[in-house]
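Below: one structure, written as structure tokens.
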Amino acid sequence: MSVPKNKRTENKLQALKETLDMVKYTIQMCENEKIFPKKCRWNLCSRIIDNCLDIVTKVRQANRIDASTIPLAKMRLSLQYQVLLDFEALWGLMTVAFESYCISSQKAGIWSDLTLIAENRVIGWRKHDMERLRQLTV
């Protein structure tokens, strides 16, 4: 039996799931020869994929930290902040890709939506952790 939507709670690993969905789609986009020719995969696409893999790595690392003490909570917040900086860099790389290559508006929309969802999930996760840190310091 499924839980009604209004009674569901947020999954603690949802940021990781959303990030993985975004990364999978990004890799599929970058490997598509009809969108990105082989010659650009070594410059733009490799940077996009590397950035996405850094995001996933840092999300997993931050998720692994038990933020039960102030130093650990700060370390986790720092990793989350680095993830947000990586998202900002990814937006820049995606903008170059959108403006330089013939990416259909449908594919660009899906890619942007997945990236925005993942980024917003990390932002929410970080806000929640910041609130927990405030409670630890009180």
Side-chain angles (χ1 to χ4, degrees):
M1 187 164 107
S2 64
V3 178
K5 279 190 175 185
N6 63 345
K7 293 187 179 183
R8 292 181 191 169
T9 58
E10 178 127 348
N11 182 349
K12 295 184 186 212
L13 294 176
Q14 197 65 26
L16 178 59
K17 182 203 171 301
E18 303 290 353
T19 302
L20 288 172
D21 290 345
M22 181 267 304
V23 171
K24 286 188 277 185
Y25 191 81
T26 300
I27 290 172
Q28 289 173 356
M29 288 283 292
C30 289
E31 289 179 346
N32 187 337
E33 288 183 29
K34 293 177 183 173
I35 299 171
F36 295 104
K38 284 186 179 182
K39 65 181 178 183
C40 81
R41 284 198 215 138
W42 298 111
N43 48 37
L44 182 61
C45 288
S46 65
R47 290 191 64 188
I48 290 171
I49 291 172
D50 287 347
N51 188 282
C52 287
L53 295 175
D54 286 345
I55 289 171
V56 169
T57 301
K58 290 173 187 168
V59 166
R60 288 185 59 89
Q61 289 171 343
N63 190 55
R64 189 68 147 158
I65 296 172
D66 178 19
S68 57
T69 65
I70 292 173
L72 288 174
K74 287 182 179 180
M75 185 185 307
R76 181 165 156 154
L77 286 169
S78 174
L79 276 171
Q80 291 167 339
Y81 184 71
Q82 290 174 27
V83 169
L84 294 177
L85 292 176
D86 287 342
F87 269 112
E88 192 58 37
L90 179 60
W91 282 115
L93 294 169
M94 287 171 63
T95 301
V96 170
F98 294 151
E99 294 180 1
S100 301
Y101 298 95
C102 297
I103 300 175
S104 72
S105 58
Q106 179 187 9
K107 289 184 190 255
I110 293 169
W111 194 11
S112 295
D113 287 347
L114 287 170
T115 304
L116 187 61
I117 289 167
E119 182 181 30
N120 285 337
R121 192 66 73 176
V122 172
I123 289 170
W125 178 33
R126 189 166 193 274
K127 283 181 182 177
H128 179 266
D129 281 0
M130 288 172 73
E131 184 59 36
R132 271 191 10 199
L133 178 60
R134 279 190 208 104
Q135 291 173 359
L136 280 175
T137 58
V138 173

Below 4.5 Å, heavy atoms only, C-beta onward: do Glu31 and Phe36 meet side chain to side chain? no

Taking every non-hydrogen atom, the tightest pair across Leu136 and Ala67: CD1-O, 3.7 Å

For the residue pair Met22 and Ala118, what are the closest heavy atoms and their distance? CB-CB, 4.2 Å

Joint cluster assignment, Leu79 & Leu53, ILVMFWY side-chain distance < 4.5 Å: no

Audit row: Lys17, Asp21, salt bridge (charged side-chain N to carboxylate O under 4.0 Å, His left out) steps and yes/no: CA-CA 6 Å; Lys17 182 203 171 301; Asp21 290 345; 2.8 Å; yes

For Ile48 and Ala97, the nearest pair of non-hydrogen atoms, with its separation, is CD1-CB, 4.3 Å

At their closest point, which heavy atom of Cys30 faces which heavy atom of Ile49, and how far apart are they? CB-CD1, 3.7 Å

Are Ile65 and Leu85 in one and the same hydrophobic cluster, where Ile, Leu, Val, Met, Phe, Trp and Tyr link if side-chain heavy atoms are under 4.5 Å apart? no

Any luck finding a side-chain donor-acceptor pair between Trp111 and Thr26 under 3.5 Å? yes

Co-membership, hydrophobic cluster, residues Val96 and Leu90, 4.5 Å side-chain: yes

From Leu20 CG over to Ile55 CD1, what is the distance, rounded to the nearest 0.5 angstrom? 11.5 Å

In Å, rounded to the nearest 0.5 Å, how long is the span from CG of Leu16 to CZ of Arg64? 12.0 Å

Give, for atom OG1 of Thr69 and atom CE of Met75, the distance between the pair rounded to the nearest 0.5 Å. 8.0 Å

Nearest 0.5 Å please: distance from the CG atom of Leu116 over to the OG atom of Ser112. 8.0 Å

Only one of Arg126, Arg121, Lys127 clears side-chain contact (heavy atoms from CB on, under 4.5 Å) with Ile123; which? Lys127

Count I, L, V, M, F, W, Y as connected when their side-chain heavy atoms are under 4.5 Å apart, and connections chain through other members. Are Ile117 and Ile27 then in the same cluster? no

Is the side chain of Thr137 donor-acceptor paired with the backbone N or O of Arg134 at a distance under 3.5 Å, no angle test? yes

Counting only heavy atoms not in Gln106 (residues, nucleotides, ligands), do more than 12 fall under 6.0 Å from its CD? no

OG of Ser105 to CZ of Phe98: how many Å apart, nearest 0.5 Å? 10.5 Å

Over all atoms of both residues, closest heavy-atom pair of Glu119 and Trp91: OE1-NE1, 2.9 Å

Kindly indicate whether the side chain of Lys74, heavy atoms from C-beta on, has any atom under 4.5 Å from the side chain of Leu133. yes

Report the C-alpha distance between Leu77 and Tyr81 in whole Å, list the side-chain angles of each, state the deciding distance to 0.1 Å, and finish with yes or no for side chain to side chain contact (heavy atoms under 4.5 Å, CB included). CA-CA 6 Å; Leu77 286 169; Tyr81 184 71; over 6 Å; no

State, with a plain yes or no, whether a side-chain heavy atom of Leu114 is found less than 4.5 Å away from one of Ile110. yes

Do Asn51 and Arg47 make a side-chain contact, defined as non-hydrogen atoms from C-beta onward lying under 4.5 Å apart? no

Is there a side-chain contact between Met29 and Tyr101 in this structure, where contact means two heavy atoms from C-beta onward sitting under 4.5 Å apart? no

Just wondering, do Asn32 and Lys107 contact through their side chains at under 4.5 Å, heavy atoms? yes

Identify whether Leu44 and Val23 are in the same connected component of the hydrophobic contact network (ILVMFWY, side-chain heavy atoms under 4.5 Å). yes

So do the side chains of Trp125 and Arg76 get within less than 4.5 Å of each other, counting heavy atoms only? yes

